[in-house]
Structure formats: structure tokens, C-alpha cells
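Because only heavy atoms are used, hydrogens play no part in the values below, and waters and symmetry mates are left out as well, while side chains stay in. For clarity, every value in this text was computed on a predicted model and none was experimentally measured. A note on names: the letters A, B, ... follow the listed sequences, proteins ahead of strands, and every chain is numbered from 1.
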Protein chains: 2
Amino acid sequence: METSEEPLTHRQAEILHFIQSHIGQLGYPPTLREIARKMDIRGISAVRKHLDALVRKGRLIRRKGARALDAESLFPSTVPVPVLGRVVAGIPVNAAENRLDTIAIDPSWIPSGPVFLLRVKGDSMKQAAILDGDYVLVRAKETAEEEEIVVAEIDGETTVKRLRRKDGQFILAPENPDYGEIPVAEGSAFRIVGTVCGVFRPALGASR
Amino acid sequence: METSEEPLTHRQAEILHFIQSHIGQLGYPPTLREIARKMDIRGISAVRKHLDALVRKGRLIRRKGARALDAESLFPSTVPVPVLGRVVAGIPVNAAENRLDTIAIDPSWIPSGPVFLLRVKGDSMKQAAILDGDYVLVRAKETAEEEEIVVAEIDGETTVKRLRRKDGQFILAPENPDYGEIPVAEGSAFRIVGTVCGVFRPALGASR
DNA sequence: CGATAAGGTGATCATTTGTTCATCTTCGCG
DNA sequence: CGCGAAGATGAACAAATGATCACCTTATCG
């Protein structure tokens, strides 16, 4: 599902790089004349043609107005992921008002599709190397495979557990002998919120 | 060492927020008139005063030219952290050439001082919830306290272990009964590279 | 009461900025 | 050879943009 990467000429790559580095250093894109200056181009229309080519090749977005160049949003250097709440307490995942915070995460660490972060409370998943206070990266979806670690809502409570089948019915299994399995009874209000696809523990040790 | 946070008025905060969100959505800052439109201000000079106030309070950088606003570089939304190598193999930490990759990490997840990421090989720290393939966030420093999880170099090998004192000498203790302690002998080449202050496991489960 | 700061209106003006058009060179390709 | 693409030059021009000035309102503070 990748965008076809049309190859850039050497000059186009140079100009795109200058635009990106200008944004990175100053916080806003350069004007056509600023590009011309740095590229040792006397005329401004040559720059325009290069920008047109970059737009045509999908590497740049141009809008009306001065400095209206966008080279970042095509290939975001970071993805803002919402922190939706703490597990255990019931979380209305779709309610944007419940958003506690937003954390920037590198795109290479994020799977495709809608994701969010949850703060884990308790150590029921200790054996799976998920500790109290960890952030879990959750891919939001309504289904899951057996043996996957899921975020599920059961009887108004939301927990992180491993989804398992036992004696013909689903159970939510902790990864800690001190905790008991949670059977998914027939009549119970049960819903899979998503699958855990990442674990982040940013504050190991004491001092910050 | 924090910059003194001069408080913003409600209106100034609104305008700063609009500028930031404009940059986030379109990739470049708005013009004075675009700000005026969104804020329901008829004149442009009122906007200018607000920008002057934001600059004075250190929340914005302005330069000459259209859209020359920089609201990002004051408070970076992301910190590039180098991935320096895999543990176990000897890692010349100071050699920038050894940089495998760079990952963007949210500043709220990063302690002060120089940090880098290492990819963990093996499961000798399993009980400490650090698994094979995890990235550990390491604060580079030459000293550590007892009971801290450290990255240390001993006899040319680099490992992640818990620093402990036993029988009057330091040992590098694994968190897995299948592995043995590593005594730090008197004559051995031993060096603390840093302390582990974060664990990241981005690829839990199968599909990416 | 007067001073001051925050917020706003309205208009003028020089500059900057992007657009457009004509013309040129070089290079590879059929 | 002719053709087109990439790259560049130069100039004219309309629109957009920020700077600046004068003046207004509403609070707050001493």
C-alpha cells in the first residue's frame, strides 16, 4: 500500500532537501526567491518548474499564498497518538473528550490503521513483560485471534489480557499466577477494543 | 534549567494554538490576515500586537517575510534519538558512524542529558520485563547506583544487566535464572556506558 | 482621578511574493 | 535530423503581505 515513488532528478532532490531543512531549522518553508538564492538560480521561474515537478511526483503539496509549501505531511516524521485513559476503568474509546494527552511516536513503530495508547494499571500481565504504569500501543479493532493480547471491555470494565479459548468458551487470561482467569460468560457485555501491538515504559528508574 | 514560562492571556493562548495547529495541519504557518480571519478580528494590527506579545514572552520567533513564524523549535515536539547498535556486541558508543538509525521520541519520555537507544539481544533480563528485540533507552553516563539496570562494557562485550554488589565486589546480575552472574574481576576491562531509563517494544505480535 | 495594559478598528503604503510569457541551452532518443 | 524534457534566464505585473499610524474601548491598579 505504498505510494509509488517516482524518482527525482538530482536537482529536484537538492531542492526538496533544502525545503525540508529550511522547515526543520526555521520552522517555515522558504519563498521561491530564497530557494533560487540557495540553489544559485538567477530566475524564479526555474524554481517554479522544479516545484511543479515535485508536486507532480507527490513529494510536495503547494497551496495558494506565500511560502505555502508542505513537504512534511506526506511523510510525517512523527505520528501523534492519543492517550485515551487508564485501563481497568471503563473507557469510552470513541469519546475524544476522554483524551488525556497526545504522544508523538516514530512512524516506524506504528502499524497501519487506527491506534491509541493506554496506561496500564496493575501487574496482571507481568509475565508478558507488561508492568504497572506501562503504555500499551493498541490497534483499534473489534476482532482478535486466540493467544493475542487484547484490550477488552467486559461488564463495564476495560482490561488488558490474553485472549484464549478454554472448554469451548473464551477467557481473558492474565499473565500472572496471582490473578484468576476471567471467563467470558454468555450473557456478559463483552467487546474487544483492540489488540496490543506495542509496549512503552518511558520512566524506568527514579530520576527524571 | 527551565525557561521561565511567562503566562499567556486567554487570547494569546488561542492565537498560539491556532498557529501551532495550522502548522500541524498544513505544514506552514498562517499569515497575519489568516489569523485575523479565524480569530474574528477585523484589523491586522491587533494580530500584530498579539504576535509581539508572544515573541516577548518567548513563545514565538518571528523573522522578516511572509508567514515567517516559528512556534515549533522553542518546544520541540519530538527528539531524534540515535540507535547505536545491538547489545552484546561491542559498541563504540562515541562513534557516530555506528549509528544504525534514528528514532523520533516524544520529549516527555526522555530524561535530560545525552541518551541513545540500544536493541537488546537475548532474554537475560526477562524478569525485569526486558525482552529480546526490545529497544532500551540509555542515559549515557559513567557511573551508576547499585540495583540500577545498566549498560556496561566488560572485556569487550557490552551487556544490559543489573548492577549489584556481592561479597564486596560488583557483579552484573541477569534477571533470568537461566543465566549466571558476571563478576567484575579486579583486572577486567570494565566500563559503565549508561543506565537504562526506558524500554520500548514496538513490534509486539505478528503483522506490521 | 490618571496611568497603563490588553484588545480592537480602519486605512495607507512600500515591499514581497507568486504568476506568466518569451527565449535559450543541453542532452538523450527515435 | 527533429523532438521533447530538464534546466535556466529575464522581465513585467497583479495580488498578497507586513509595517505603521491614529484612535477607540474596557478593565485594573495606585
- Message: Any side-chain N or O of Thr9(A) below 4.0 angstrom from OP1/OP2 of dG7(D)?
- Response: yes

- Message: From the set dG18(C), dA8(D), dT9(C), return the single nucleotide nearest to any side-chain atom of Ile41(B).
- Response: dT9(C)

- Integer-rounded Å distance: dT17(D) P and Leu32(A) CG: 14 Å

- Message: With a 4.0 Å limit, can you tell me whether Arg48(A) has a side-chain N or O closer than that to the phosphate oxygens OP1/OP2 of dT19(C)?
- Response: yes

- Task: Could you check which of dT17(D), dA6(C), dA8(D) has an atom nearest any side-chain atom of Ala66(B)?
- Result: dT17(D)

- Query: Using a cut-off of less than 4.0 Å, is there contact between a side-chain N or O of His50(A) and OP1 or OP2 of dA6(D)?
  - Reply: no

- Leu8(B) CG - dA6(C) P separation (whole Å): 11 Å

- Task: Side chain of Arg11(A) only, please: which of dT17(C), dA19(D), dA8(D) is the nearest?
- Result: dA8(D)

- Do Lys64(B) and dG18(D) share a donor-acceptor pair, side chain to base, under 3.5 Å? no

- When the ring planes of His22(A) and Tyr28(A) are compared, do they come out parallel, tilted or perpendicular, using 30° and 60° as the limits? perpendicular

- Item | Euclidean distance, atom CD1 of residue Ile44(B) to atom C1' of dA19(D) [Å, nearest integer] | 9 Å

- Message: dT17(D), OP1 or OP2 - any side-chain N/O from Arg62(B) closer than 4.0 Å?
- Response: no

- Spacing between Lys49(B) atom NZ and dG18(D) atom C1', to the nearest angstrom: 16 Å

- Message: Any side-chain to backbone donor/acceptor pair from Arg63(A) onto Asp70(A)? Under 3.5 Å, distance only.
- Response: no

- Ranking Gly65(A) and Gly43(B) by the position along DNA chain C of their nearest nucleotide, the one closer to 5' is Gly43(B)

- Rounded to whole Å, the CZ-C1' distance (Arg33(B) to dC13(C)) equals 11 Å

- Message: Nearest whole Å is fine: how far is dA8(D) C1' from Ile15(A) CD1?
- Response: 11 Å

- Checking His50(A), Lys57(A), His17(A), Lys49(A) against Gln12(A) for side-chain hydrogen bond (donor to acceptor under 3.5 Å, both in side chains), the one that qualifies is Lys57(A)

- Check the distance between dT9(D)'s P and Met39(A)'s CE and give it to me in whole angstrom. 13 Å

- Task: Give the rounded distance in Å between these two atoms: CG of Leu69(A) and C1' of dT19(C).
- Result: 15 Å

- Closest nucleotide among dG7(C), dT17(C), dA19(D) to the Thr31(A) side chain: dT17(C)

- Message: Within the supplied structure, the quantity of interest is the number of heavy atoms (other residues, nucleotides, ligands) at a distance under 6.0 Å from Glu146(B) CD; does it exceed 12?
- Response: yes

- Query: Of the nucleotides dG7(C), dA8(D), dT17(C), which one has an atom closest to the side chain of Arg67(A)?
  - Reply: dT17(C)

- Quick check, are the ring centers of Phe200(B) and Phe200(A) under 6.0 angstrom apart? yes

- Query: Is any side-chain nitrogen or oxygen of Arg42(A) closer than 4.0 Å to OP1 or OP2 of dT9(D)?
  - Reply: yes

- Minimum-distance nucleotide to Ala46(B) side chain [options: dG18(D), dG8(C), dA8(D)]: dG8(C)

- Are the side chain of Arg162(B) and the backbone of Glu147(B) linked by a donor-acceptor contact shorter than 3.5 Å? yes

- Message: Taking atom types as they are modelled, would you say the side chain of Ser45(B) forms a donor-acceptor pair with the base of dT9(C) within the 3.5 Å cutoff?
- Response: yes

